[in-house]
Asks: 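Pasting a structure below so you can have a look.
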Amino acid sequence: MKIYITIVIAFLLPLLHGNTVNAQQRKKKQDTLHLVAIDSATISKNIAALAKDTTKVRKSDTAVAILINRIESYTLLMNDLMSTLRRGFDTLGISEGIPVADTSLALVKRNIASLGRTPNINDIYTNKVMLEQLQRKLDNWQSTLFSYYNKLVVINDTLHSLRRDTAMRNIPSEDELYGFYLGQVTNMVLKYRGVDSANSINLIKMGLLQNKVANRYIETSNLYEDMEYRLNQYSRHMFVRDYRYLWRPHKDSINPLEFFPVLKNSINKNTKVLAIFFSIQWPIFLVWVLIASLFLWWIFNNIRRIKNKHPAQEAETILQHSKYVYRFPIASAVVLISTLSAVLSIRYPTLFTEITWAINVLALTVIFRQQLPKTMYRSWCFALCLLAFYCLANLIIEVTYAEQWALLIAAILGIILGYRMLKESGTTTYVQPKFTRPLIRLFIGTCMLSVLLVLLSIVGTAKVMGTSAIVNMLMAVSLYVLVQIIMEAVFLQVEANKDSSSFISFMDFQDVQRKLKTFLSILSVVGWLIVVSRNLYLYDSIYDFISARLQERHKIGTSDFTLSSVIIFVVVIWISTVASQLIAYMFGNTGQNANKKTKLGSALLLLRLAVLAGGVLIAFAASGIPMDKLTIVIGALGVGIGFGLQNIVNNLVSGVILAFEKPIEVGDVIEIGPRSGVVKEVGIRSSKISLYDGSEVIVPNGDLISQQLVNWTRTNRNKRVTFTISVAYGSDIKQVIDIIQSAFVGKKEIMSIPAPLAQLSDFGDNAINFKVYFWVSDLDYAGSQQSEALAFIYDALNKAGIEIPYPQRDLHIRSLDESLLDRLGKKGPAPEA
């Protein structure tokens, strides 16, 4: 509809403008302000003449203020409109882009005219891609021109509204006011004419430009539909013979062409397509360069920090764990952007995609030259030669007899290469990914299919299968290396931030590696499947099929839904849950620094609750589920609370209370009941406490609120240590106190304020007892400092000859066996009781 509106407006605009001008000329004879004169003297003269005609104007002194105010406001409005028109509208890019669009359309037309009975599917797809890019560009131009045209129409309507203002028919009767009025009106009329003329010119120019863009949009749409038709025809007849048999070179010739002229025309055509593509999509290349630059900066910055933080040998040992990123940083960055570009470049020209493949495999070759064994490296180079051949074959517009033989030989060589790699993978000690052997078998099977298709003279499909075989195998290797590169980059980031104040220092890399590797592996499999479907030219069909099924409406009772809305709902809920867990993990205590207290504390709990609540609301809104359904769910939840969810809700509310009151935070050392440990996580329903014996206790939040809780580190980590020392009666009390206090001299872990204290506490049954008090700055030092103090005091007391008495007991024997007395009598007199 937008196209036809554009054509009608562009076609009728000059006529409408002419009619407007004619109408204005007819109305000049009746209007008191729209005068024929174009200079100020003539305008003033005509206004003076009109002032004498009381049938057309009215003299009044009461409307002077209104007239002056109107004239000033209209003059300012004219100045603003003229400023807008003088600035003009930025159509230079559109005007300069039209020749590029014409060149693209001419190129596609010539290609269509030269297509024979054996066109290359890659060539047709390249035409479709170019037309799709051009169609998108023309659509953007149309939107821009429509916005500009609407602004011009608004200006035109504003000008006509000024002419209909009847208040301007009043003129002052006083001579002095009349002279002032005359000058103001003259200036306003001159500005009006200038704005009207400039607006009319801009309307004509804009209409003509809209007409040009609309014509090319229609032509592009027609050619795009033609390419769609040709692709559909190819998919229907992809297994139908499209060329002569190999053993009948001079008979049954469908389209006998010479190889080198076809190759020359094909390369010329593809280079022109690539140049046009670059002229349209050049900003995307700047984005890739920026991503590569940021990745390199990230890597080099982490390497520098690791080297600065550790001794040279230790730093080198850490960095050697990164066999790709540290040893080949530039090649790793190239692999990153080229692999992502190859996966994400769904509808790009064939030559651009092949250049991306070439850059990717060259970067991998730089890495594998020092990583792979010699036999595997030779196989890799052989695979690159096959890739180069198939890339060249994909550019050829039409099939030739020489290319048919070349495709047969290349497919046979691919089978030989596959069996060689399969044998090497079973005998080498080099660590390989698990998918290596199944991938090689898939490569061999696809090459066999390509050989069969060449023999059956289904050359176009044979070329597609051969290309898919080698590209799918190399892209699987590239995606595997990409996952390793990202994992190594994360490893360097974690190592560079250890023992720092950032949240990364809390991360346990082993846990991160396990979870991140699983996530990246899933993404890489999806990316590989996209590459496979695109190489087989099934991506569009699969995409359309899945889109149709997702948008199909289903009904359950009175409610209808689509699978896409269900998937969106589940995905948003899953993302919000993962985000909540990620926040708890990254900003919480993971066990690597179990005693380190985070600064954010319980605010993380509120953030997690906000993420989950926001995720639920966004899930309902994004999936199209009416919000009134949410109230039903909440009502049902309320009923559930009444029947058995009291404890759960109690714990949830207790979690919110913990977040606001902050009696405990992650990293606090607490005691609750008989258990003591470090708070590892303050969750939404429960909290995790890591005990000192290595176990973890899950405590419901309700228990933390309802029970008495001791928090040793709520305000600081100071702790008072108390123990008792006993000495024998007769000891020098002052000397004992001096010895005890000397045990704490020069200890940096022991606080000087309050100072250590030793006091005589009481006189025991067999000893004098002293109470000893001292404070440590960190409760982690309490046990070790107490042990060192006791050992020092013990040695010092022994050296001073001060006895630490044993307990004294009186033993009373009431009866004793006679035989025992006899034995004791033979050995000597019995001891006195």
Side-chain angles (χ1 to χ4, degrees), residues 103-104 107-108 110-112 114-116 118-136 223-224 226-228 230-231 234-235 238 242 259 262-282 284-285 288 338-362 384 386-400 403 406-407 410 450 459-472 474-475 478 530-541:
T103 303
S104 305
L107 186 63
V108 174
R110 286 197 303 270
N111 183 247
I112 292 175
S114 62
L115 287 177
T118 57
N120 189 347
I121 181 63
N122 297 299
D123 186 61
I124 298 175
Y125 193 79
T126 296
N127 290 336
K128 177 187 173 183
V129 168
M130 185 170 60
L131 291 170
E132 186 177 21
Q133 298 286 343
L134 187 59
Q135 194 176 42
R136 187 180 296 114
L223 292 174
Y224 182 82
D226 184 44
M227 292 299 105
E228 285 277 6
R230 291 177 183 271
L231 287 174
Y234 175 82
S235 61
M238 63 182 303
D242 54 9
F259 175 74
V262 172
L263 178 62
K264 180 180 178 181
N265 293 333
S266 301
I267 294 177
N268 183 42
K269 188 252 182 179
N270 280 279
T271 52
K272 289 182 179 179
V273 170
L274 186 63
I276 295 170
F277 175 77
F278 270 105
S279 65
I280 296 175
Q281 294 291 340
W282 62 266
I284 195 171
F285 307 108
W288 288 122
S338 59
T339 306
L340 292 178
S341 178
V343 174
L344 300 177
S345 303
I346 303 299
R347 295 183 176 90
Y348 283 6
T350 302
L351 183 56
F352 173 81
T353 304
E354 291 178 353
I355 292 175
T356 304
W357 293 342
I359 295 173
N360 181 262
V361 296
L362 288 176
L384 297 188
L386 284 179
L387 176 66
F389 166 76
Y390 279 110
C391 287
L392 183 63
N394 280 336
L395 300 179
I396 298 177
I397 297 176
E398 292 194 73
V399 179
T400 62
E403 183 190 5
L407 289 173
S450 179
V459 183
T461 307
K463 184 190 301 185
V464 171
M465 293 299 172
T467 305
S468 178
I470 187 67
V471 171
N472 293 343
L474 295 181
M475 286 305 301
S478 179
I530 291 175
V531 172
V532 172
S533 63
R534 189 182 62 213
N535 292 333
L536 296 175
Y537 296 96
L538 299 175
Y539 178 82
D540 290 339
S541 300

Asks: Donor-acceptor pair, distance only, cut-off 3.5 Å: does the side chain of Asn270 make one with the backbone of Leu395?
Replies: yes
Asks: Does Thr339 offer a backbone N or O that forms a donor-acceptor pair with the side chain of Ser478 under 3.5 Å?
Replies: no
Asks: Which residues pass the side-chain hydrogen bond (donor to acceptor under 3.5 Å, both in side chains) test with Thr356, sequence neighbours left out?
Replies: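 Thr356 satisfies side-chain hydrogen bond (donor to acceptor under 3.5 Å, both in side chains) with no other residue.
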Asks: Partners of Lys128 by side-chain hydrogen bond (donor to acceptor under 3.5 Å, both in side chains), sequence neighbours excluded?
Replies: Glu228, Asp540
Asks: Considering residues at least two apart in sequence or located in another chain, which fulfil the side-chain hydrogen bond (donor to acceptor under 3.5 Å, both in side chains) criterion with Gln135?
Replies: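 Per chain and number, Gln135 pairs via side-chain hydrogen bond (donor to acceptor under 3.5 Å, both in side chains) with Ser221.
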Asks: Mind checking what makes side chain to side chain contact (heavy atoms under 4.5 Å, CB included) contact with Leu344, not counting sequence neighbours?
Replies: Trp288
Asks: Please identify each residue that fulfils side chain to side chain contact (heavy atoms under 4.5 Å, CB included) with Thr103, with sequence neighbours left out.
Replies: Ile276
Asks: Holding to ring-ring contact (aromatic ring centres under 6.0 Å, His included), I want the full list of residues that pass it with Tyr348, two or more places apart in sequence or in another chain.
Replies: Phe277, Phe352
Asks: Is Lys463 reaching over with its side chain to a backbone N or O of Ala393, donor-acceptor style, under 3.5 angstrom?
Replies: yes
Asks: According to side chain to side chain contact (heavy atoms under 4.5 Å, CB included), who are the partners of Leu384, at least two apart in sequence or on a separate chain?
Replies: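 Expected list: Val361, Thr365, Trp380, Leu474.
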Asks: Would you please name every residue forming a side chain to side chain contact (heavy atoms under 4.5 Å, CB included) with Ser468, sequence neighbours left out?
Replies: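 Testing Ser468 for side chain to side chain contact (heavy atoms under 4.5 Å, CB included), a comparison that skips the adjacent residues, returns Asn472, Asn535, Leu536.
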Asks: State which residues pass side-chain hydrogen bond (donor to acceptor under 3.5 Å, both in side chains) with Thr350; sequence neighbours excluded, sorted by chain then number.
Replies: Thr126
Asks: Out of the candidates Val471, Leu392, Asn394, only one should pair with Glu354 under the side-chain contact (heavy atoms from CB on, under 4.5 Å) rule; please name it.
Replies: Asn394
